Amino acid sequence: MTWQPGLPVHGAPAWVVVLDAEGGLPAAAKEAGERLGVDLGRLLEAQLATGFSPAAGATVAYPLLTGEASEVVLAGAGDGSAKDLRHAGAAIARFGRGKDELTTVVAEGIDDAALRAFAEGVILGSFSYTLKTVDPGEPAVGQVAVTDGTDGTDGARQQVLDRGVVIGRTGWLARQLAITPSNAKDPAWLAARATEVAAATGLEVTVWDEKKLAADGFGGILAVGRGSTRPPRFVRLDYVPAGATKNTPYVVLVGKGITYDTGGLSLKPREGMVSMKRDMTGGGSVIATMSALRELGANVRVTGLVCAAENMPSGTAYRPDDVIRHFGGRTTEVKNTDAEGRLVLADGLAYAVQELKPDVLVDIATLTGAIKVSLGAMLYGGLFATDDALAGNLADAGRVSGEELWRMPLPAEYEDLISTPIADSVNSSKGPGSITAALFLKAFAGDIPWAHLDLSSIAESPADRFEYSIGATGAGARLLTTWLTSETPTAGI
């Protein structure tokens, strides 16, 4: 994606004109129309009269019989906000499938946030994944040139586009990891993908296999993975910015990496099992986030931990009423083997507290169906936090990235719901399921400022809509990348 000073001398066969915040034509539309041999003002009036709406993501194509282009598209930008420009970018990418190139004219003076979001939308709207051998669909547009019609070089505008492309690419990678079917994807596969990302982006990587997990006492990850013939893994990725000192803030991310979740012996019904290949979305988003930190110049130290296992029923599977000893010694009585995500995350959190001692600790998971009851689908992810500044920083990043969060409570009054005389806690209980899951994890975070992101509510899109494609959304990658590459991600914490 490139920023084009002025209208290009040789435009693409298809031109896109993005309407401004008032639903009108951008300043460069008159000159563009002259180049294309069409009165864009009259075209817009005619389309509005026949029901076209300038809402974000709306498009209408018009064939051209003369001139340098064969087609022009009017694209709505809603109120011109970053959110609506992201939607517009995704719609343009879908229009551009199968095309080699698009020339895109945007409103003069578009601000950096909106331009970056537009680039994110183009990348996200271009996403596809298929294993079809017949009619696999058209490829993504090859090149998009963006201009507001003004002359002069502007490297800063290109940098804004480039940042949007990288953030969009994290969402793409997280989706690709989540949507890969589980006959191909197991914990070792996920660890291999993390290792590839580390090699490509200058990260340090360490992988624990099942023998090292047992030697080091990762009882939660081992228990969940015990029923599968494909053993668990624990992955550590480390990013250190150039010029880091002992005073550089240190953040640890912990991602749930359940590469398939049957529920174990507490077997899910068929309907509940469908889409569980994406139950490693949290771990995939951690990998995707880590992939972008060096390129975007994040100024905090970051370690990403991925707790990977496959939750299967078998004669070796863990059982309800088993007692697990986690990394560091804390114990959990199992009441539901389908509440497995918190068991693997507990090991990751305990390892972070004991061995890494970060300034900030954040875990991310598709953890509970209960969060969808609380927040519905595809609007907000759940945010739990022990520090108000951390909650605020993450919520701000959610608004900027388009992966919005809603803060949920952590009432101590509910801790009795996960108490047991047999162990330090149980892993499942009746009551507010997303809250008790968060309270279970809170005990493993110690005194470190901690946040828990339960993103089940935004992890699956029912259709191609806005920047989302049908299926796994890769929720959390854009949010975490936006947060960690902001100027002061740990401000106030």
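Everything numeric in this text was worked out from a predicted model, so none of it was measured. The analysis underlying the following values was restricted to heavy atoms, covering all of them including side chains, and did not include hydrogens, waters or symmetry mates.
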Q) Quick one: salt bridge (Lys or Arg N to Asp or Glu O under 4.0 Å) partners of Arg407, sequence neighbours excluded? A) Asp388
Q. Closest heavy-atom contact between Ser266 and Asn336?
A. CB-OD1, 3.1 Å
(Q) Taking salt bridge (Lys or Arg N to Asp or Glu O under 4.0 Å) as the definition, give me every residue that meets it alongside Asp84, ordered by chain and number, with sequence neighbours left out. (A) none
Q: Give a yes or no on whether a salt bridge exists between Asp112 and Arg157, defined as a side-chain N under 4.0 angstrom from a carboxylate O.
A: yes
Q.
One pair to check against salt bridge (Lys or Arg N to Asp or Glu O under 4.0 Å): Glu210 and Arg233. What are the steps and the verdict?
A. CA-CA 7 Å; Glu210 65 273 27; Arg233 294 289 185 269; 2.8 Å; yes
Q) Does anything in residues 113-138 pair up under side-chain hydrogen bond (donor to acceptor under 3.5 Å, both in side chains), and if so which pairs, sequence neighbours excluded? A) Arg86-Glu120
Q.
Is it true that, when you exclude Asp100 itself, more than 12 heavy atoms of the residues, nucleotides or ligands shown sit nearer than 6.0 Å to its CG?
A. no
Q) Under the 3.5 angstrom rule, does the side chain of Thr488 hit a backbone N or O of Ala491 as a donor-acceptor pair? A) no
Q. Closest approach of Gly80 and Ala114, non-hydrogen atoms and distance?
A. O-CB, 4.1 Å
Q. Do you know the tightest heavy-atom contact between Pro54 and Leu19?
A. CB-CD1, 3.8 Å
Q. Do the side chain of Asn299 and the main chain of Glu487 share a donor and acceptor less than 3.5 angstrom apart?
A. yes
Q. Looking at Leu305, Leu441, Val252, Val344, which one forms a side-chain contact (heavy atoms from CB on, under 4.5 Å) with Leu349?
A. Leu441
(Q) Once rounded to the nearest 0.5 Å, what's the spacing between atom CG of Leu293 and atom CG of Asp238? (A) 11.0 Å
Q. With no hydrogens and no angle check, is any side-chain donor or acceptor of Thr473 less than 3.5 Å from a backbone partner on Ile458?
A. yes
Q: Measure the spacing between OG1 of Thr180 and CZ of Arg278 and express it to the nearest 0.5 Å.
A: 14.5 Å
Q. Quick check: does any side chain N or O of Asp148 sit under 3.5 Å from a backbone N or O of Val106, one acting as donor and the other as acceptor?
A. no
Q) Minimum heavy-atom separation for Ala391 to Ala385, with atom names? A) CB-CB, 3.8 Å
Q. Without hydrogens or angle criteria, can the side chains of Asp387 and Trp450 be said to hold a donor-acceptor pair below 3.5 Å?
A. no
(Q) Tell me whether Thr337 contacts the main-chain N or O of Leu265 through its side chain, where contact means a donor paired with an acceptor under 3.5 Å. (A) yes
Q.
Side chains of Ser456 and Thr366 only: does a donor on one sit below 3.5 Å from an acceptor on the other?
A. no
Q. Distance-only, no hydrogens or angles: does the Arg230 side chain make a donor-acceptor pair with backbone N or O of Ala188 under 3.5 Å?
A. no
Q.
Tell me if the CD atom of Glu204 is crowded by more than 12 foreign heavy atoms within 6.0 Å.
A. no
Q. Do any pairs count as a side-chain hydrogen bond (donor to acceptor under 3.5 Å, both in side chains) and have a residue in residues 182-195, sequence neighbours left out, and if so which ones?
A. Arg193-Glu196
Q: Begin from the C-alpha positions of Met378 and Ser461 and carry the test side-chain contact (heavy atoms from CB on, under 4.5 Å) through to its verdict.
A: CA-CA 7 Å; Met378 295 310 297; Ser461 178; 4.3 Å; yes
Q) Strictly by modelled atom types, are Thr490 and Tyr250 linked by a side-chain donor-acceptor pair under 3.5 Å? A) no
Q) Would Gln4 and Thr147 count as having a side-chain donor-acceptor pair, cut-off 3.5 Å? A) no
Q) Taking all non-hydrogen atoms of both residues, which atom of Phe234 and which atom of Leu213 are closest, and how far apart? A) CB-CD2, 3.6 Å
**Q.** Any residue meeting ring pair (Phe, Tyr, Trp, His ring centres under 6.0 Å) with Phe327, in chain and number order, not counting sequence neighbours
**A.** Phe218, Tyr351
Q | Donor-acceptor pair between Asp454 and Thr368 side chains, under 3.5 angstrom | A | yes
**Q.** Heavy-atom donor-acceptor pair, Ser401 side chain to Gly398 backbone, under 3.5 Å
**A.** yes
Q. Counting only N and O atoms by type, is there a donor-acceptor contact under 3.5 Å from the side chain of Ser228 to the main-chain atoms of Gly225?
A. no
**Q.** Chi angles and distances behind the side-chain contact (heavy atoms from CB on, under 4.5 Å) call for Trp172, Ile123
**A.** CA-CA 8 Å; Trp172 181 300; Ile123 300 302; 4.1 Å; yes
**Q.** Worked check of side-chain contact (heavy atoms from CB on, under 4.5 Å) between Asp261 and Asp338
**A.** CA-CA 8 Å; Asp261 183 18; Asp338 194 23; 3.2 Å; yes
Q. Is Arg226 positioned over the aromatic face of Tyr318, cation under 6.0 angstrom from the ring centre and no more than 45 degrees off axis?
A. no
Q: Show the numbers, then the answer: is there a side chain to side chain donor-acceptor pair (under 3.5 Å) between Arg163 and Thr485?
A: CA-CA 10 Å; Arg163 177 176 170 83; Thr485 60; 2.9 Å; yes
Q.
Are there over 12 heavy-atom neighbours, none belonging to Lys268, within less than 6.0 Å of that residue's NZ?
A. yes
**Q.** All pairs passing ring pair (Phe, Tyr, Trp, His ring centres under 6.0 Å) where residues 463-493 contributes a residue, at least two apart
**A.** His87-Phe466
Q.
I'd like to know whether Thr2 forms a side-chain contact (heavy atoms from CB on, under 4.5 Å) with Val146, so could you lay out the CA-CA distance, the side-chain angles of the two residues, the decisive distance to 0.1 Å, and finally the verdict.
A. CA-CA 6 Å; Thr2 58; Val146 183; over 6 Å; no
Q: Could you tell me the separation between the OG1 atom of Thr104 and the CZ atom of Phe95, rounded to the nearest 0.5 Å?
A: 9.5 Å
(Q) Taking Ile179's backbone N and O only, do any of them form a donor-acceptor pair with Lys277's side chain (distance below 3.5 Å, no angle check)? (A) yes
**Q.** Check: Arg399 side chain, Glu404 main-chain N or O, donor-acceptor pair, under 3.5 Å
**A.** no
**Q.** Exercise: identify the closest heavy-atom pair between Ala82 and Ala113
**A.** CB-O, 3.7 Å
Q. CG/Leu161 to CG/Leu115 distance, rounded to the nearest 0.5 angstrom?
A. 4.5 Å
Q | Between CD1 on residue Ile435 and NE2 on residue His452, distance to nearest 0.5 Å | A | 10.5 Å
Q. When rounded to the nearest 0.5 angstrom, what is the spacing between CZ in Phe384 and CG in Leu394?
A. 13.5 Å
